[in-house]
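Remember, it's 1-based here, ligands and their atoms both numbered in the order they're listed.
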Amino acid sequence: MKLWTHCTAATMQAQAAESYGLVNDAALVVDGAHLRWVGPRSALPAELAQQCLETHDCCGALVTPGLIDCHTHLVYGGDRAHEFELRLNGASYEDIAKRGGGIASTVQATRSATPEQLKAQSTVRLKQLLSEGVTTLEIKSGYGLALEPERKMLQVARALGQQFAVDVRTTFLGAHALPPEFAGQPDAYVGEVLRILPALCAEGLVDAVDGFCERIAFSPAQIRRVFETASALGLPVKLHAEQLSDSGGAALAAGFNALSCDHLEWLSEAGAQAMSKAGTVAVLLPGAFYFLRETKLPPVELLRSQGVPIAIATDCNPGSSPCTSLLLMLNMACTLFRLTPEEALAGVTRHAAKALGLTDRGELAAGNRADFVLWNVKHPAQLSYGLGANPCIQTVYQGEPR
Ligand code: DI6
Ligand code: FE
């Protein structure tokens, strides 16, 4: 066993009396890949201390649980910087779409990339997230929109999880957009999604199923078909819901006991109530809100009053949130959405774990995975306060320094 000591621990334990579950002069005992004991050093049982053959001095660092980015589209081909530039030079979305831009251009670039190219490009983004203490990461498909390229995306996501010291959870997002070969036939494409999903599930490539429920994407009735198939396969669901309008997606997803509903700027009271009842997490994505220059704020007060847990994520994607900094999202969740720094940190730890259906992480507690981060800050609020700094000193993944 290993002892980590001389630190302040923000345990983020839900039951803790102190905010952030803060423990001054803390000790953590690591047994293999798991935490055996967490608490004040003065309370560390002597027989446990004796069994620790290795001691790490954290030199006064703040220790938090490993960060969890619970909503990303990290694997994709190409980028859309050129469209960004065209827009800032006066082109409209329509002009860009007519030139084959927008989501269609990412689908094209993703389809034409080899797995090696896709992996190399995604590795750059992954490393940026890892440098900020991310130990668990969700990656969605959804730029392939046909069996082969969706499989390729998910295989690249799995390969990243094997190569790097990070736990990758994959999500099938076939119902993201309409591919060109199904233009004008959304129901037929949903039929194709229902055919693709069981195949990828059988290959062990799918941990959860997502969809984009929006006027410009898929209707609640179409998403329902996807969710019925997912449920029949025993897969948990989640939904891009109420991002640009109130389509009733959140209530639909909650009816399938969704792990999370994401975006939610236009969430209604009925939607929030349904999520509360189902224990569905609200994943807020300040990067997309910022990048699309939205003005409609997600109803944070409603989520609080309904007791809906709030998570925060990067939504890392080429179109609406080309973001690879989860720490920046903490700041934006506070400045733009008025979350408290404690809520924001819970949003990338405890609540992000819940958004992925994971019960063995997100809090520093005995029995949980030994995924934690050492920070060069005195107080956890500094993690949300900083804008563009990276105070990460070291990340420990499953008990091993990374
Ligand atoms: N919501 C979004 O904001 C992104 N996808 C989604 O479902 C946009 C993705 C893109 O433009 O590439
Ligand atoms: Fe997204």
Side-chain angles (χ1 to χ4, degrees), residues 69-84 86-87 93-94 96-97 100-111 113 118 121-122 125 137-145 149-150 153 157 169-180 186 193 208-219 222-223 226 237-245 247 249-250 253 258-267 281-294 296 298 311-324 326 329 332 352 355-356:
D69 193 351
C70 66
H71 180 144
T72 87
H73 310 247
L74 182 104
V75 172
Y76 60 80
D79 71 80
R80 309 239 286 273
H82 183 55
E83 291 174 23
F84 181 69
L86 286 175
R87 279 215 314 277
Y93 279 99
E94 267 189 341
I96 292 167
I103 211 164
S105 75
T106 301
V107 171
Q108 209 263 321
T110 304
R111 284 180 172 183
L118 213 45
Q121 223 203 92
S122 307
R125 296 185 278 270
L137 171 74
E138 187 249 23
I139 300 179
K140 303 177 195 294
S141 69
Y143 289 117
L145 309 180
E150 286 288 299
M153 288 184 76
R169 314 295 299 181
T170 57
T171 299
F172 174 68
L173 179 55
H176 188 198
L178 209 53
V193 167
V209 174
D210 196 353
F212 188 16
C213 187
E214 196 59 64
R215 284 186 301 229
I216 58 163
F218 296 96
S219 69
Q222 289 160 345
I223 294 293
V226 177
V237 302
K238 58 178 78 177
L239 191 63
H240 285 71
E242 273 72 289
Q243 179 185 5
L244 307 170
S245 63
S247 315
L259 291 173
S260 71
C261 292
D262 305 36
H263 287 287
L264 298 175
E265 279 82 349
W266 292 82
L267 179 67
V281 177
V283 178
L284 304 185
L285 303 165
F289 178 89
Y290 166 82
F291 198 77
L292 297 177
R293 306 181 76 228
E294 283 177 39
K296 173 93 171 153
I312 304 294
T314 60
D315 197 13
C316 172
N317 79 70
S320 66
S321 188
C323 169
T324 49
L326 196 50
M329 295 304 98
M332 285 193 181
L356 295 177

query: D315 versus S320: any side-chain heavy-atom pair under 4.5 Å?
result: yes

- prompt: If you count the non-hydrogen atoms of other residues, nucleotides and ligands that lie under 6.0 Å from CZ in F84, is the total more than 12?
  reply: no

query: Would you call E242 and S247 a side-chain contact if the rule is heavy atoms closer than 4.5 Å?
result: yes

query: Who are the residue neighbours of ligand 1 when the rule is a heavy atom under 4.0 Å from any of its atoms?
result: R80, I103, Y143, H176, F212, H240, Q243, H263, N317, G319, S320

message: I'd like to check the salt bridge (Lys or Arg N to Asp or Glu O under 4.0 Å) partners of E83; sequence neighbours left out, ordered by chain and number.
response: R80

statement: Sequence neighbours excluded, the answer for side-chain hydrogen bond (donor to acceptor under 3.5 Å, both in side chains) partners of T110 is none

- prompt: Do any protein N, O or S atoms sit under 2.8 Å from the Fe ion (ligand 2), and which ones are they?
  reply: H71 NE2, H73 NE2, H240 NE2, D315 OD1

field: Test item: T72 side-chain N/O and E138 main-chain N/O as donor-acceptor pair under 3.5 Å
entry: yes

- prompt: Among C261, P298, S260, which one satisfies side chain to side chain contact (heavy atoms under 4.5 Å, CB included) with V283?
  reply: S260

- prompt: Sub-3.5 Å donor-acceptor pair from the side chain of Q121 to the main-chain atoms of V75, do we have one?
  reply: no

statement: Checking K238, H240, H176, H71 against D210 for side-chain hydrogen bond (donor to acceptor under 3.5 Å, both in side chains), the one that qualifies is H240

